[in-house]
Amino acid sequence: MKNFLRFFIYFLSKANVPLNEQKDYVELTLYTLMPTKLYFLPFFVVAFYLCFKNFNALGRCADILWVVTILGLLILLSLSFSNADFSAILPVGARGVKNVIKGSYYSLNWFGDSLYVLLFTGQFTFDKKSTVKIVVSYLISALLVVIFMIIFYCIFTSIAFRQKFALTEISKYTTVINNLGRFDYIGIFMILFSSIFSLSLPMFFSSKLLDYVFNIKKRWISPLITVGGEFLIM
């Protein structure tokens with residue numbers, strides 16, 4: 001039971017930093033003239049509702065959201081590719097393996113989603129192809145993240161760490177956008193839509209852990225604790 005409680009604390013901690021960054025993005029980028037915390041409140045309504053659902057609801061969401069996410073990333077990457085100077089990442093590996101591991105540790109709040117797989121144990125029918133599907137899906141996700149980070153750094157190089165919101169920054173200098181308008185927001189909105197569900201996952205699993213550890217029967221208690229806790233922290 002102690003391990004389940006540790007997972008509960010980890011998931012709530014994991015959700016906090018990305019949630020705050022998402023909130024800042026919505027307030028300071030999409031609503032620059034009248035920023036207010038009220039704009040982000042609907043997220044907690046969706047997260048609370050999702051926590052009521054069973055594990056198979058995540059599968060139904062994933063069937064749709066992977067298409068939205070891929071299209072959003074492709075739009076942003078295609079608009080940004082021409083502005084990237086790929087010689088900026090050379091020589092590859094110059095900082096050594098130690099710094100790569102250190103960077104992975106510091107970015108754990110944004111990743112570490114493989115722990116979710118543990119909680120799916122016994123929740124789906126396992127067959128011979130399941131292992132291949134799970135491994136390939138994680139490899140594709142990792143590859144897309146690495147490609148995004150490479151293009152982001154190749155655009156801004158030494159001043160990359162000064163950019164607060166990478167999604168809007170990588171594509172806004174494209175010549176096509178200057179002539180036709182910020183239609184890169186289509187891709188940004190797609191990723192933000194998927195983020196509603198991905199940011200809800202730590203709270204979803206935290207709710208299920210509470211139900212299991214304390215044998216909670218009323219379905220609204222655990223979502224209220226997890227989502228309400230994140231709301232109060234923010």
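The figures that follow rest on heavy atoms only: side chains count, while hydrogens, waters and symmetry mates do not.
Between M234 and N20 the shortest side-chain heavy-atom distance falls below 4.5 Å. Side-chain contact between L139 and L143 is absent, with no heavy-atom pair separated by less than 4.5 Å. Inter-residue side-chain proximity for I75 and L73 is flagged as unmet; no heavy-atom pair is nearer than 4.5 Å. No side-chain heavy atom of L119 sits less than 4.5 Å from a side-chain heavy atom of K208. At least one side-chain heavy atom of F86 sits under 4.5 Å from a side-chain heavy atom of F81. At least one side-chain heavy atom of I191 sits under 4.5 Å from a side-chain heavy atom of L76. Considering only heavy atoms from C-beta on, L210 stays 4.5 Å or farther from I221 through its side chain. Under the 4.5 Å side-chain criterion, counting only non-hydrogen atoms from C-beta, I140 is in contact with L144.
Taking all atoms of both residues into account, the shortest heavy-atom contact from L192 to Q22 is CD2-NE2, 3.4 Å. S206 and T226 get closest at one heavy-atom pair: CB-CG2, 3.6 Å.
In this structure, the side chain of N54 does not engage the main chain of N56 through any donor-acceptor pair within 3.5 Å. For T157 (side chain) and C154 (main-chain N/O), no donor-acceptor pair under 3.5 Å exists by modelled atom type.
Looking only at atom types and distance, the side chain of N83 has no donor-acceptor partner in the side chain of S80 under 3.5 Å away. Judged by distance alone, the side chains of T69 and S194 do bring a donor and an acceptor atom under 3.5 Å apart.
Applying the salt bridge (charged side-chain N to carboxylate O under 4.0 Å, His left out) test to D113 and every residue at least two apart in sequence or in another chain returns K14.
Hydrophobic clustering of Ile, Leu, Val, Met, Phe, Trp and Tyr side chains at less than 4.5 Å, counting indirect connections, unites V17 with F43. Cluster membership for L232 and V45, using ILVMFWY side-chain heavy atoms within less than 4.5 angstrom, is not shared. Under the 4.5 Å side-chain contact rule for hydrophobic residues, Y116 and L118 share a cluster. With hydrophobic clusters built from ILVMFWY side chains whose heavy atoms lie under 4.5 angstrom apart, F4 shares a cluster with F214.
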Practice problem: Applying side chain to side chain donor-acceptor pair (under 3.5 Å), run through N16 and S13 and close with a yes or a no. | Solution: CA-CA 5 Å; N16 188 250; S13 302; over 6 Å; no
Exercise. Let me see the working for S207 and S222 under side chain to side chain donor-acceptor pair (under 3.5 Å), right down to the final yes or no.
Key: CA-CA 5 Å; S207 299; S222 295; 5.6 Å; no
Quiz prompt | Test ring-ring contact (aromatic ring centres under 6.0 Å, His included) applied to F156 and F152, step by step | solution = CA-CA 7 Å; F156 295 100; F152 173 70; 5.4 Å; yes
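Residue D24 holds its CG atom at 5.5 Å from CZ of F165, rounded to the nearest 0.5 Å. A distance of 5.0 Å separates CD1 of I225 from CD1 of I216, quoted to the nearest 0.5 Å.
Ring pair F11/F7 is parallel by interplanar angle, where below 30° counts as parallel and above 60° as perpendicular.
For F55 and F204, the gap between ring centers is short of 6.0 Å. The six-membered or imidazole ring of F205 lies away from that of Y10, with a centre-to-centre distance of 6.0 Å or more. Residues F52 and F48 bring their aromatic ring centres within 6.0 Å.
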